[in-house]
Amino acid sequence: MFTFRRKLLTVGDYSIRILSSHPTTAKYHTLLSAEHSTALLHERTRSLVRPNVLANGLFWERDRKGGYQSREPSVPTTELIRNGLKELRQELALYAEEWKARLESDPLMVFRPGETDVVFAFEQQQDRERWVVTTDHDHGEGYSRARFEQSAAGYGLFHGTLESRVPIDGRIKRAGYANIKSHRVRKSFKRESFYDWGQYNTLVLKVRGDGRSYLINLSAEGYYDILWNDIYHYVLYTRGGPHWQVTKIPFSKFFLGSKGRVQDSQGPVPLNRITNVGFSVGARGDQEGEFRLEIDYIGVEFDPSHQEEFAYEMYKQPKYIVAT
């Protein structure tokens, strides 16, 4: 048990009260010269009102992309506090969900081989709002359109129209694609996080398609910025027709790509660092027109009978070999 004593520290013309748990704290301050102590006092008292000081020891995390944070915030501190209190209830609820998910992911408690754990469901409006749709039209590169909304049966429906027609600008040569991607998963208090699927080996999807082939995308953020565009892909083949299909794809089948190009240096999916899940569809040849992919759920599963670690050869070229 700590016994705190309140002390009075006099520096120049300033007098402040400090709270000390040890007598050496006051002794340290008395050893400072008057000029240095005055400058230190001005700096400390000015920095105490900054919001990031209070967050440094709680939920604050450094921006992984770098940048400078030396400028004073343009928003008044009182307004920052007011806005923070409005979001406090929501963030505390999200913090409780973190602990709930942590307990649910304990293998000793709920992990059962052969059972599917649903990660994404689409019956509620807030579930569908966790996804964003993009097409070539959004970037001024084409005329395709897409939407993600509730289907007549009450599930998620990714649908639209693909057009390979390109704008007459002399630069764009190909067009006709649509994507859907989940939002980056985050923890409470605006902290970015990952999906940890290390205890699973299979991706499970219940879908109802139109006969097209869709590309499944698993984004895994690397440790360096040059790796943040790495995405692992595999093809989802749909049958079409009115019937649902349950597709199980081992994670060992996913191959590595970066900015749309398959990489020579392959490796298994880092299942503990998954940031986003998505689907892509493109128009080639006579595949223009309407597309439709209805999704019931997306889940993960551990299949004890699947022992494959990675399905593809991992080439290692000597450093002195240069391609021509």
If hydrophobic clusters are built from ILVMFWY residues whose side chains come within less than 4.5 Å, do [X] and [Y] share one?
| X | Y | answer |
| --- | --- | --- |
| Phe279 | Val262 | yes |
| Val300 | Leu236 | yes |
| Val204 | Ile216 | no |

Sub-6.0 Å ring centroid separation between [X] and [Y]:
| X | Y | value |
| --- | --- | --- |
| Phe158 | Phe291 | yes |
| Phe310 | Tyr312 | yes |
| Tyr155 | Tyr297 | no |

Can you check whether [X] reaches [Y] side chain to side chain, under 4.5 Å on heavy atoms?
| X | Y | result |
| --- | --- | --- |
| Val166 | Tyr143 | no |
| Leu205 | Ile295 | no |
| Phe254 | Leu218 | yes |
| Ile274 | Val269 | yes |
| Arg208 | Gln245 | no |
| Ser213 | Val235 | yes |
| Phe302 | Gln199 | no |
| Asp230 | Leu256 | yes |

For this session: Could you check Leu157 against Gln150 for side-chain contact (heavy atoms from CB on, under 4.5 Å), going step by step and ending with a plain yes or no?
Result: CA-CA 6 Å; Leu157 178 61; Gln150 186 179 28; over 6 Å; no

Main-chain N/O of [Y] paired to [X] side chain as donor or acceptor, under 3.5 Å:
| X | Y | result |
| --- | --- | --- |
| Gln307 | Pro304 | yes |
| Asn276 | Lys181 | no |
| Thr202 | Ile249 | no |
| Thr275 | Ser219 | yes |

Without hydrogens or angle criteria, can the side chains of [X] and [Y] be said to hold a donor-acceptor pair below 3.5 Å?
| X | Y | answer |
| --- | --- | --- |
| Tyr214 | Asp210 | yes |
| Ser265 | Gln263 | no |
| Glu301 | Thr116 | yes |
| Ser280 | Asn217 | yes |

Taking all heavy atoms of [X] and all of [Y], pick out the closest pair and write down the distance.
| X | Y | value |
| --- | --- | --- |
| Tyr232 | Ala220 | CE1-CB, 4.1 Å |
| Asp127 | Glu123 | OD2-N, 4.2 Å |
| Val133 | Ala146 | CG1-CB, 3.7 Å |
| Trp131 | Val277 | CZ3-O, 3.2 Å |
| His233 | Leu215 | ND1-CD2, 3.5 Å |
| Gly209 | Leu293 | CA-CD1, 4.1 Å |

Is it the case that atom [atom1] in [X] sees more than 12 heavy atoms from other parts of the structure closer than 6.0 Å?
| X | atom1 | answer |
| --- | --- | --- |
| Glu309 | CD | no |
| Arg184 | CZ | yes |
| His139 | NE2 | yes |
| Tyr237 | OH | no |
| Arg212 | CZ | yes |

For this session: Run through Glu290, Glu294, Glu149 and flag the one making a side chain to side chain donor-acceptor pair (under 3.5 Å) with His159.
Result: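 Only one option passes, and that is Glu149.
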
For this session: Test Ser144 against every option in Asp136, Asp138, Thr161 by the side chain to side chain donor-acceptor pair (under 3.5 Å) rule and name the one that passes.
Result: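 It is Asp136, the one option of Asp136, Asp138, Thr161 that forms the side chain to side chain donor-acceptor pair (under 3.5 Å) with Ser144.
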
For this session: Answer yes when Lys253 and Glu308 have at least one side-chain N-carboxylate O distance shorter than 4.0 Å, and no when they do not.
Result: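 Looking at Lys253 and Glu308, the cut-off is met.
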
Exercise. Is it the case that Arg128 places NZ or CZ above or below the six-membered ring of Phe122, under 6.0 angstrom from the centre and within 45 degrees of the axis?
Worked result: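 Negative - Arg128 is either too far from the ring of Phe122 or too far off its axis.
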
Exercise. How far apart are the C-alpha atoms of Tyr200 and Asp117, what are their side-chain angles, what is the distance that settles it, and do they pass the side chain to side chain donor-acceptor pair (under 3.5 Å) test?
Worked result: CA-CA 10 Å; Tyr200 305 98; Asp117 291 336; 2.4 Å; yes

Problem set entry | salt bridge (Lys or Arg N to Asp or Glu O under 4.0 Å) assessment of Glu288 paired with Arg165 | CA-CA 10 Å; Glu288 295 187 32; Arg165 179 167 55 102; over 6 Å; no

Exercise. What do the steps show when you test Asp296 against Trp244 for side-chain contact (heavy atoms from CB on, under 4.5 Å), and what is the final call?
Worked result: CA-CA 9 Å; Asp296 185 351; Trp244 290 93; 3.7 Å; yes

For this session: For side-chain contact (heavy atoms from CB on, under 4.5 Å), just list the numbers for Tyr177 and Glu141, CA-CA rounded to whole Å, side-chain angles, deciding distance to a tenth of an Å, and then say yes or no.
Result: CA-CA 10 Å; Tyr177 67 87; Glu141 300 175 350; 3.3 Å; yes

Problem set entry | side-chain contact (heavy atoms from CB on, under 4.5 Å) between Leu271 and Asp196, intermediate numbers included | CA-CA 6 Å; Leu271 295 175; Asp196 188 357; 5.9 Å; no

